[in-house]
Protein chains: 2
Amino acid sequence: MVSIKDIAERAGVSYSTVSKALNDSPLVKEETKRRILEIARSMGYQRNLLARHLVSGRTRLIGFGLVNLGNPIFANLTIQLHRALAALDYRMVIAISPDEIDLLNQMRADGLVIWADLVSRHPHLMEELGRWQAKTLVIGTDEPVPLPHVRFDRRAGIAKAVEYLRSFGHRRIGFIGSSQEIKVRAFLDAVQQAGLTPSLDWLYPAEPTFEGGYRAIRYARPDVPMPTAFIGLNNLITKGALRALLELGYRVPQDVSLIGYDNLPDMQFAEVPITTVGPSLEEVADFAAHRVVDMIDGKPGPDAHVIEPILIPRASVERAPDRDDT
Amino acid sequence: MVSIKDIAERAGVSYSTVSKALNDSPLVKEETKRRILEIARSMGYQRNLLARHLVSGRTRLIGFGLVNLGNPIFANLTIQLHRALAALDYRMVIAISPDEIDLLNQMRADGLVIWADLVSRHPHLMEELGRWQAKTLVIGTDEPVPLPHVRFDRRAGIAKAVEYLRSFGHRRIGFIGSSQEIKVRAFLDAVQQAGLTPSLDWLYPAEPTFEGGYRAIRYARPDVPMPTAFIGLNNLITKGALRALLELGYRVPQDVSLIGYDNLPDMQFAEVPITTVGPSLEEVADFAAHRVVDMIDGKPGPDAHVIEPILIPRASVERAPDRDDT
DNA sequence: CAATCAATTAACAACGTGGTTATTCACGAG
DNA sequence: CTCGTGAATAACCACGTTGTTAATTGATTG
C-alpha cells in the first residue's frame with residue numbers, strides 16, 4: 001500500500017509536508033499542495049485510518065450491542081441506528097455477546113450503544129462498562145440503570161393502549177405476553193386507571209414469539225369469556241394472536257379488537273393492519289446516535305431520557321361489540 | 001488508558017518484555033510472565049488493537065456492503081453473516097453506500113462482502129474494488145462478474161418452482177415480479193422446459209414490495225383468465241400477492257397455488273404458510289464468510305461459486321383445480 | 001550589506017504495538 | 001581465571017499518521 005512517505009519521495013518533499021497538504025493545511029503553498037494531491041491521486045493513495053486513529057485517539061467507530069437478532073425489531077433498530085450514525089460520520093459495528101463488546105473496547109470504539117437486554121442478561125457487564133473509556137449508552141430499559149440510558153416508557157405505552165381501547169368502549173381486555181411482574185402490574189394498573197376492574201383472567205402468558213402469541217389465544221382456557229380486545233406485548237406475539245383469532249372464527253376488529261406493541265412498519269401488512277403503540281424506532285435511533293456522539297464530544301446531556309410511546313391507529317381496533325357483558 | 005509501557009514501569013521491566021509476556025512468548029521466564037500478567041490485570045489493561053493492527057497489517061474487520069435494508073432478506077443476511085464471521089473471529093461493519101465502502105477500505109478492512117446490487121447500482125465501484133487491497137467477494141449476482149463472486153442461480157430456482165408446480169398438475173402459471181428481461185426469460189424458458197406453452201399473459205409486472213405484489217394481483221387485467229398457480233419473485237411480492245388473492249376470494253392453495261422466492265423463515269407465518277424456493281441464506285453466509293477469510297489468508301478457492309436454490313414445501317401449493325382449461 | 005521577517009518546508013517525537021537484535025548475567029568447562 | 005554458552009531481558013526499529021519545533025529560503029529594511 002502506498003503511504004505518505006512514498007508520495008513524499010515521489011514529490012521530492014518531506015512526508016510531513018505531504019501530511020499537511022493532504023489535510024489542506026494553510027502552512028503549505030497552494031502550488032505544492034496541488035502538485036502533491038495530484039501525485040497522491042495518481043498513485044492511488046488511500047489514507048490509513050488506523051494510523052490516524054492511533055495518534056488522534058478517536059476511531060469514529062461505535063459499537064451496537066444487542067441480543068436476539070431473531071425479532072425484526074432488532075433488525076429495524078440496527079438499520080435505523082446505522083442510518084443515524086452514518087449521518088454523523090460514524091461507523092457502526094455489531095456485537096451480540098459480551099466477548100464481542102470486549103473486542104469493541106479493545107478496538108477503541110469511541111462509543112457503545114447497548115440494548116438493555118444484553119446487560120441484564122450479563123450482569124457483570126454493567127460495572128465493566130462503567131470503567132471503560134468508550135462512552136456507553138444503554139437503550140431500551142424499562143427501569144433506570146446506573147449508566148446513561150434511554151428508557152422506553154412501556155408503562156405509559158400500555159396505559160395508552162388501554163385508554164385507547166377504553167375510548168372505544170372495551171371493558172374486558174386481554175393482555176398477551178410476558179408474565180414478568182413489572183409488565184403485568186403496568187397493565188393491571190392501567191386498567192384500573194381506566195376505571196375498569198381488572199381480573200387475572202385477563203392475562204394470557206406467552207413466549208415472545210409468533211408461536212407464543214398464537215398458542216396463548218388458540219389454546220386459551222375455555223372457561224374464560226373472550227375479551228373484546230387484546231393487547232399484544234410485542235410485534236411477534238401480536239401477529240401470532242391475530243392469526244389464532246382469525247382461525248377461531250373471530251373477525252378483527254368487528255368481534256375482537258387488537259393493539260400490538262412495537263411500531264414496526266410491517267404491522268400494517270398483517271391480515272388486518274394492526275394498530276400499534278410503542279416508541280418510534282427512528283426517534284430512538286436518532287436520539288441515541290446524537291446522545292452518544294455528544295458524550296464522546298464531552299457535551300453535556302441528560303443521563304436518562306425517556307422516549308414517549310406513540311400510538312399509530314390502524315384497522316384493528318373498532319367499537320366493542322355488544323357481547324361485552326360487564 | 002493504560003499501555004504496556006505503564007505496565008513495564010510498574011513491573012520494573014522493559015516494555016518489550018511486557019509485550020512478550022502478554023503474548024505468552026517462551027522467551028520470558030514463567031515467573032516474570034505471571035507477575036506481569038497479574039499487574040496488567042490489576043491495572044485494568046486492555047490491549048490496543050489499533051496499534052496491533054497497524055503493525056500486523058491485519059484488522060480482522062470485514063465490511064458488508066448492501067443496498068436496501070428495507071427488504072427483510074437483507075436484515076436476515078446481515079444476521080447470518082455476522083454470525084458466520086464472528087465464528088471465524090472477524091468483526092463486521094455495515095456499509096450501504098460507496099462512500100462507506102471507501103471508508104472501510106481506508107480503515108484497512110481485511111475483506112469486503114458486497115451485495116451485487118450495490119456494485120450494479122454504482123458501476124464505477126467494480127473497477128475500484130479490483131484495485132483495492134481488501135479482498136472482495138460479491139454475493140448475490142445473477143450473472144458472472146469480473147470479481148470473485150457467489151452467484152445465486154435464480155434461473156435454476158425459477159425452473160425448480162415451475163417444475164414443482166407442474167408436478168402438481170398446474171398448466172397455467174403466473175409470474176409476479178420484475179419485468180427485467182433476464183428474469184422473464186428464465187421464467188419463460190422454464191415453462192417451456194416443463195412442456196407448457198408460455199404466454200406473455202402470464203407475466204404480472206410488479207415492484208419488489210408488498211404493495212407491488214398486492215397491486216399486481218388485485219388490479220390484474222380482467223380479460224386474462226386466472227392462473228392456477230403463481231410464482232412471486234421475492235418475499236414481499238409474494239406476501240402482497242397472497243393478500244390480494246385472499247381478498248379476491250380465492251382460497252390458497254385450493255383455488256390458487258403460490259410459491260415465493262427467498263427462503264425467509266417468516267414466510268411460514270403468512271396467512272397460509274408459503275412454499276418457497278431460493279438460496280439458503282445460512283449457506284450463503286457461511287460460504288461467503290469462509291471464502292473471504294480464505295482469500296485473506298491467501299488460500300486458493302473458486303473465483304465463482306454457485307449456490308443451488310432449495311425448495312421448501314409448505315402449505316401454499318396443492319393439486320391444480322379443475323378450472324384449468326388448457 | 002547585515003539583520004529581520006514571513007513564508008515555506010524539513011526534521012522529529014509521539015501514539016501502542018510486534019518483532020529483531022543487542023546486552024546482561026550466571027554458570028560450567030577448560 | 002577466562003571463555004564460551006544459554007537464558008533472560010533490554011534496546012531499538014517499524015507500522016503510518018498528526019502535531020510541534022527547527023531549519024531553510026527569499027525578500028525587505030535600516
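Predicted model only: the values in this text are computed from it and were never measured. Every chain is numbered from 1, with letters handed out A, B, ... down the list of sequences.
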Just jot down the side chain to side chain contact (heavy atoms under 4.5 Å, CB included) partners of [X], sequence neighbours excluded, or say none.
{"X": "A95(B)", "result": "E100(B), I101(B), L104(B)"}
{"X": "N234(B)", "result": "N71(B), P208(B), L236(B), I237(B), D262(B)"}
{"X": "R121(B)", "result": "V67(B)"}
{"X": "I4(A)", "result": "Y15(A), V18(A), S19(A), L22(A), Y45(A)"}

May I have the distance from [X] (atom [atom1]) to [N] (atom [atom2]), rounded to whole angstrom?
{"X": "L50(B)", "N": "dG18(C)", "atom1": "CG", "atom2": "C1'", "answer": "15 Å"}
{"X": "H53(B)", "N": "dT17(C)", "atom1": "NE2", "atom2": "P", "answer": "12 Å"}
{"X": "R52(A)", "N": "dG16(C)", "atom1": "CZ", "atom2": "P", "answer": "18 Å"}
{"X": "N48(B)", "N": "dG16(C)", "atom1": "CG", "atom2": "C1'", "answer": "6 Å"}

Could you name each residue pair satisfying salt bridge (charged side-chain N to carboxylate O under 4.0 Å, His left out) that touches [range], not counting sequence neighbours?
{"range": "residues 122-131 of chain A", "value": "none"}
{"range": "residues 12-22 of chain A", "value": "none"}
{"range": "residues 37-54 of chain B", "value": "E38(B)-R41(B)"}

Any heavy-atom pair between the side chains of L77(A) and I73(A) that's under 4.5 Å? no

| request: For residues R60(A) and D89(A), determine if any side-chain heavy atom of one lies less than 4.5 Å from a side-chain heavy atom of the other. | output: yes

Chain B reaches DNA chain D, atoms under 4.0 Å from its heavy atoms, from dA8(D) to dG16(D)

Check this for me, if you would: do D24(A) and K33(A) make a salt bridge, where the nitrogen-to-carboxylate-oxygen distance has to be below 4.0 angstrom? yes

So ring pair (Phe, Tyr, Trp, His ring centres under 6.0 Å) across residues 93-117 of chain A, not counting sequence neighbours, yields F74(A)-W115(A), W115(A)-F152(A)

Shortest non-hydrogen pair, A11(A) vs R35(A), comes out as O-NH1, 3.1 Å

Closest non-hydrogen contact found for Q80(A) with L281(A) is CB-O, 4.2 Å

Per-nucleotide protein contact along nucleotides 7-13 of chain C, 5' to 3', at a 4.0 Å heavy-atom cut-off (B base, S sugar-phosphate only, - neither), is -SBBBBB

Between R35(B) and I4(A), whichever has its closest DNA chain D nucleotide further toward 5' is R35(B)

Rounded to 10°, the helix from dC1(C)-dG30(D) to dG30(C)-dC1(D) deviates from straight, judged by its five-pair end axes, by 90°

Within residues 54-61 of chain A, the residues having a heavy atom closer than 4.0 Å to DNA chain C are L54(A), V55(A)

